[in-house]
Amino acid sequence: MEKAINRQQILLQHLNPSLSSSSSEKNYNPALSASACLAGDSAAYQRTNLFGDDVVIVAAYRTALCKSKRGGFKDTYPDDLLAPVLRALIEKTNLNPSEVGDIVVGTVLAPGSQRASECRMAAFYAGFPETVPVRTVNRQCSSGLQAVADVAAAIKAGFYDIGIGAGLESMTTNPMAWDGSVNPRVKQMEQAQNCLLPMGVTSENVAHRFGVTRQEQDQAAVESHRKAAAATASGKFKDEIIPVNTKIVDPKTGDEKPVTVSVDDGIRPNASVSDLAKLKPVFKKDGTTTAGNSSQVSDGAGAVLLMKRSVAMQKGLPILGVFRTFSAVGVDPAIMGVGPAVAIPAAVKAAGLKLDDIDLFEINEAFASQFVYCSKKLELDPSKINVNGGAMAIGHPLGATGARCVATLLHEMKRRGKDCRFGVISMCIGTGMGAAAVFERGDCTDELCNARKIETHNLLSKDSR
């Protein structure tokens, strides 16, 4: 930034000829002076902080995602899922764990106080000292992304310079259920009552209201499995998955077998539209939502290490990505799946970008109905969406999905290099919400480069106008 200011000073001397070493102070024009541009590393989209104050991601990892009650983590305690990914962040970056200001874990189904204790225990297992605090956050299916956003916001606010946003869910240990009675008052308000709708019913509502066909849904599911199988076969997920040493217990004999889980176990490479067409609707007799075109019930965890750019540069850590913006929005609970169609434009606009500027999208496939609707509503290029498959194939451990998507997106952006600069993560949220965040590839910015070619002065930063 110092070089940029020096360049400004030289330019100002040409703009103000009266200003020279021999001129008197009375000729100096105070309206012309060099200053740091608030646009930071890009004048083509709005920035709210300087280059060195960017919040960056230096590492992002996840466990494999496994089928609830039947998969590789069915006998694994939740804290033993979280600990390996937390440990990986420290070991792979050689960061002193005592420097972490906070660990925020997104989690949904477990009782709050119990899960908070399990997350604290996991931090100890991972090697963090008692001085590093831990808390949980729950915004349903966006909880993992919310955790990352919360840490980014805290770093921007100056609460600390280094933090971890993570996600955890064991749907084996904590199945979806309502604990206790429901307030009778809910019957007096339709919107409140719709908050209690089974998610599959909201999927049927989306399909019916917006005309998403069974054929479209089954095709989307097949594509998800095909892409996830191809990514697995080519080794793409190896960069983001941390192997977990655990056990499998034989339900009949009780014998324990040690295993190492390092591959998502819900992917079906041979899935076909004809096979999926044989499945019966689950939530409505004449409906279109089936087990085959819905997200999988899964166990897993993920973790993301964030810090101020200046700190990462000082430590010599490679920058995987830059956290740009986050938006959470509300929608009709009866069609909660439309959330990404509202949240994505909000997050992209907040970054000063357009949808066409986004190179990759990770949109959680809660149900094929809402995934298809959101993609079509926003007129997104299919070749940019879930290029390595999504939740219908990989799985959807509610609280962990956001962190999983960050790892998947940023590692794919790194592989694609300079042809891929901006990425978006989004998901729908139970009770009627949506969330989205914009990320930038970490190695494509410096203090002076532009986000895109400037065609008119309307795209210049506020500082230039």
Side-chain angles (χ1 to χ4, degrees), residues 55-66 72-73 76-108 110 114-138 143-152 154-155 160-170 173 237 239-246 260-262 298-307 311-312 315 317 320-321 323 397-408 410-411:
V55 176
V56 301
I57 295 94
V58 299
Y61 299 108
R62 68 175 179 97
T63 66
L65 304 190
C66 296
F73 291 140
T76 304
Y77 287 101
D79 35 325
D80 283 335
L81 283 175
L82 180 60
V85 289
L86 292 179
R87 185 185 306 114
L89 295 180
I90 301 304
E91 291 181 347
K92 291 181 178 292
T93 59
N94 291 316
L95 180 71
N96 183 341
S98 65
E99 294 185 73
V100 175
D102 201 1
I103 300 174
V104 182
V105 184
T107 185
V108 178
Q114 177 179 326
R115 182 48 49 84
S117 296
E118 290 170 332
C119 292
R120 177 74 163 153
M121 291 155 56
F124 287 137
Y125 299 153
F128 288 83
E130 63 185 29
T131 54
V132 177
V134 179
R135 72 172 172 89
T136 60
V137 61
N138 186 347
S143 297
L145 185 61
Q146 185 69 59
V148 172
D150 283 2
V151 171
I155 293 174
Y160 47 79
D161 289 338
I162 303 173
I164 292 174
L168 167 66
E169 207 71 60
S170 172
T173 305
F237 291 144
D239 292 336
E240 63 192 68
I241 293 179
I242 299 300
V244 176
N245 297 320
T246 185
T260 299
V261 179
S262 59
S298 313
D299 305 329
V304 181
L305 179 59
L306 302 96
M307 60 183 67
V311 174
K315 293 180 176 296
L317 292 172
L320 186 61
F323 184 94
L398 308 183
T401 287
R404 192 280 297 176
C405 288
V406 173
T408 301
L410 293 184
H411 282 285

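As the structure is a prediction and not an experimental result, all values here were calculated from the model.
Nearest approach of L168 to A301, heavy atoms of both residues: CD1-CB, 4.1 Å. When all heavy atoms are compared, the tightest approach of A303 to L89 is CB-CD1, 3.6 Å.
Residue pairs that meet the salt bridge (Lys or Arg N to Asp or Glu O under 4.0 Å) test with at least one member in residues 84-97, sequence neighbours left out, do not exist here. Residue pairs meeting the side-chain hydrogen bond (donor to acceptor under 3.5 Å, both in side chains) criterion with at least one partner in residues 93-102, sequence neighbours excluded, are N96-S98, E99-K315.
With contacts defined as side-chain heavy-atom distances shorter than 4.5 Å, the pair E118/L82 does not qualify.
Take T76 and apply the side-chain hydrogen bond (donor to acceptor under 3.5 Å, both in side chains) test, not counting sequence neighbours, and it matches T246. By the side-chain contact (heavy atoms from CB on, under 4.5 Å) test, A147 pairs with V104, V137, sequence neighbours left out. By the side-chain contact (heavy atoms from CB on, under 4.5 Å) test, T173 pairs with P78, S170, sequence neighbours left out. Among residues two or more places apart in sequence or in another chain, the salt bridge (charged side-chain N to carboxylate O under 4.0 Å, His left out) test is passed with D150 by R135. Shown here are the side-chain hydrogen bond (donor to acceptor under 3.5 Å, both in side chains) partners of T260, two or more places apart in sequence or in another chain: N245. Remark: T63 pairs with no residue by the side-chain hydrogen bond (donor to acceptor under 3.5 Å, both in side chains) rule, at least two apart or across chains. For the salt bridge (charged side-chain N to carboxylate O under 4.0 Å, His left out) test, no residue two or more places apart in sequence or in another chain qualifies with D79. Legend: residues meeting side-chain contact (heavy atoms from CB on, under 4.5 Å) with A400, ordered by chain and number and at least two apart, are P397. Among residues two or more places apart in sequence or in another chain, the ring pair (Phe, Tyr, Trp, His ring centres under 6.0 Å) test is passed with F323 by F439.
Side chain to side chain, E169 and S298 fail the donor-acceptor criterion of an N or O pair below 3.5 Å. Counting only N and O atoms by type, the side chains of T107 and R115 include a donor and acceptor under 3.5 Å apart.
For Y77, the OH atom is loosely surrounded, since the number of other residues' heavy atoms within 6.0 Å does not exceed 12.
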